[in-house]
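Data block below; observations after.
All figures in this text were calculated on a predicted structure; none of them were measured in a lab. All ligand and atom numbering here is 1-based and tracks the order in the structure.
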Amino acid sequence: MTKQTLSFQAEVAQLLHLVTHSLYSNKEIFLRELISNASDACDKLRYEAINDSGLYEDAPNLEVRVSFDPAAKTLTISDNGIGMSAQEAIDHLGTIAKSGTKDFVSKLSGDQKADSQLIGQFGVGFYSGFIVADKITVESRRAGMKASEGVRWISGGAGDFEVETIERPARGTSVILHLRDDAMDYASAWKLKSIINKYSDHISLPILMEKEEWKDGELINPSDEKGGRQPGGMLKTGEWETVNKGNAIWARAKKDITPEQYTEFYKQISHDFEAPLAYTHNRVEGSTEYTQLLYLPSKAPMDLFNREKSAGVKLYVKRVFIMDDAEALLPTYLRFVKGVVDSADLPLNVSRELLQESRDVKAIREGCTKRVLGMLEDLAKHDKLPAPSADGGTDTTAGVSDVLSEEDKANEGKYSKFYAEFGAVLKEGLGEDYANKDRLAKLLRFASSTTDTVSVSFADYKARMKEGQEAIYYITADTPAAAKNSPQLEVFKKKGIEVLLMTDRVDEWALNYLQDFDGTPLQSVAKGAVDLGKLQDEAEKKAAEEAAETFKPLLAKLKEALKDKAEDVRVTTRLVDSPACLVVQDHGMSTQLARMLKQAGQAAPDVKPVLEVNAEHPLVKKLDGSVHFNDLAHILFDQALLAEGGMPADPAAYVKRVNALLV
Ligand code: ADP
């Protein structure tokens, strides 16, 4: 391939602009990102070589080399990992494959501080090189390809990049940063070592740098005339030394690891700029042996709601990296958890398919799930919010040493933070993880008709239930405002009964899987007839029965007028101020859920709701005998739909009818 100039994907160009303009305060992370890529490339080679040892060629020792040349103003990070073909260089360095990229770029505001936060969550990886470089040259050859099939990629980080084929005997990748003038302090062994020490110490393969010695201007390495002479008389010796400790943090004893080291490791594996909210680190012994180091991030990623999104846990087998995103290690609803699982039992050549079936993996998955739930229960317990009941915290994983006790004190207030970010995803677990349903239910929090913050647990609710109340009442709606002001709540407000407000998209689906909490049934206020049971006095019951009787002829007429729209029409006691509302049959799908599914382009049954009318309302009283009966009937129905956030099937017809009456 001769030299050609190609354009970056539009999002990359935008991202690059922001990287160079927003990340000033945290420049040094570029080294962590590039060393992490180099280390990933070596891990990939090791993994592919399990089935094809020829890929090692004549260099079986995987390593990363960091070198610099002050005279040429370059800093080079080289690895002898998997490398890239020309096409891979074009694809991987010119586009961003990550889902949610468009969305992410559109959220960037130009405000440096806010943007650098977002970029931090997104992870800029390779492009972070442009924080310190005004030009980057990448030279690479993929393992197993010919020396003549090397590639050189060059870009100034603006709109485009150049690629050409080159001769490159060495397998792997060299990323050559042409340092900006204000980044020349990175051309210093001391500085580089201190950054490596801070961010990349745990990288399990050796990171090498050339040894330097004081030699008062005398040249030790005459062959390297240009690079050999260092400012201040430091000279390169031509010998390379390992500068990282290289022991995997998760394999060390907890007592030897500082909180800062845990945090740095998290940042390294997650590409997150922010510290994690919590972590749990355990060595599990028993029939299946493994080590887990699992983190809860502080912030949700852009693509949190994409269930196809890659999982966040890396799998190692006896410290050898096997794969990223091992989705079999945790259920999908815990996809926000980041970390490492290192198994002592799995074979090195384990494949994704094998993982799905392995009994060891099943045990690991159960153990990890329990740990994460335990961590959440701990956070909940130490939050100002009321905790899930005490037995929620017991862990039954055999042989696991106790965790978090030292951290307990520091957890104050964290659960509400966690819940605001990840609560909606946690709810998916009700449907996905039957075994842990009860533990999950205790971890849920809601807003309610009497509490604005999302802080009410089922247990809190139960503790506040009215004398004679037999169900936990809830309402699902598209927005908190729609929920709070729904006509369906009127009678509950009047009687001072709290109703949980559920406004996450997942709520209704998830609640299908939770019929009761701790023996108390959950009841949607918008489904079925209201049965307030013992909360209603005899007089009220009698009045309702009488109304139903006297309204019979009117109801029949309404039913006939609305036969295309309403399943049934009946008199209700749930309304106080509103003339009508819509409800669905006891086990039917709510109108909100049907609406949401349709908006998402999915098949949803046509929900024909029941129209309930308030016999006490003047509008309803006036209906009978009105010359506008038919129009009023339709208006009543459409208004009930509007009040719950829906849209009349024929909005123009609705407006016409209302206007006719107004005139
Ligand atoms: P990420 O690492 O999050 O995928 P990057 O922007 O850092 O994103 O890198 C993009 C891709 O470029 C990587 O996924 C990888 O395929 C490729 N890449 C980057 N650095 C190297 C390297 N040193 N060796 C081989 N491939 C690399």
**OP:** Identify which of E88, R142, M84 has a heavy atom lying nearest to atom 21 (C) of ligand 1.
**Re:** M84

Original post:
Given the rule in the side-chain hydrogen bond (donor to acceptor under 3.5 Å, both in side chains) test, do Y333 and D433 qualify, once you have shown the distances and angles that lead to the verdict?
Top reply: CA-CA 9 Å; Y333 75 93; D433 189 357; 2.7 Å; yes

Do ligand 1 and [X] have nitrogen or oxygen atoms that lie under 3.5 Å from each other?
| X | answer |
| --- | --- |
| G83 | no |
| Y127 | no |
| D79 | yes |

Can you name the atoms of ligand 1, numbered from 1 with element, that are less than 4.0 Å from a heavy atom of [X]?
| X | answer |
| --- | --- |
| A41 | 22 (C), 24 (N), 25 (C) |
| L93 | 12 (O) |
| G125 | 7 (O) |

**OP:** Before giving the answer on side-chain hydrogen bond (donor to acceptor under 3.5 Å, both in side chains), spell out for D360 and T288 the whole-Å C-alpha distance, their side-chain angles and the decisive distance to 0.1 Å.
**Re:** CA-CA 6 Å; D360 286 322; T288 305; 3.3 Å; yes

Subject >> Qualifying side chain to side chain donor-acceptor pair (under 3.5 Å) pairs, either residue in residues 143-162, two or more places apart >> reply: E139-R152, R152-E164

**OP:** Please list, chain by chain and in numerical order, all residues satisfying side chain to side chain donor-acceptor pair (under 3.5 Å) with K193, sequence neighbours excluded.
**Re:** E241

Original post:
Do K299 and D272 sit within salt-bridge range, that is, some charged N less than 4.0 Å from a carboxylate O?
Top reply: no

Subject >> Per-residue contact class, L34 against ligand 1 - non-hydrogen pairs under 4.0 Å >> reply: neither

Original post:
Under 6.0 Å from the six-membered ring centre of Y295 and within 45° of its axis: does the NZ or CZ of K338 meet both?
Top reply: no

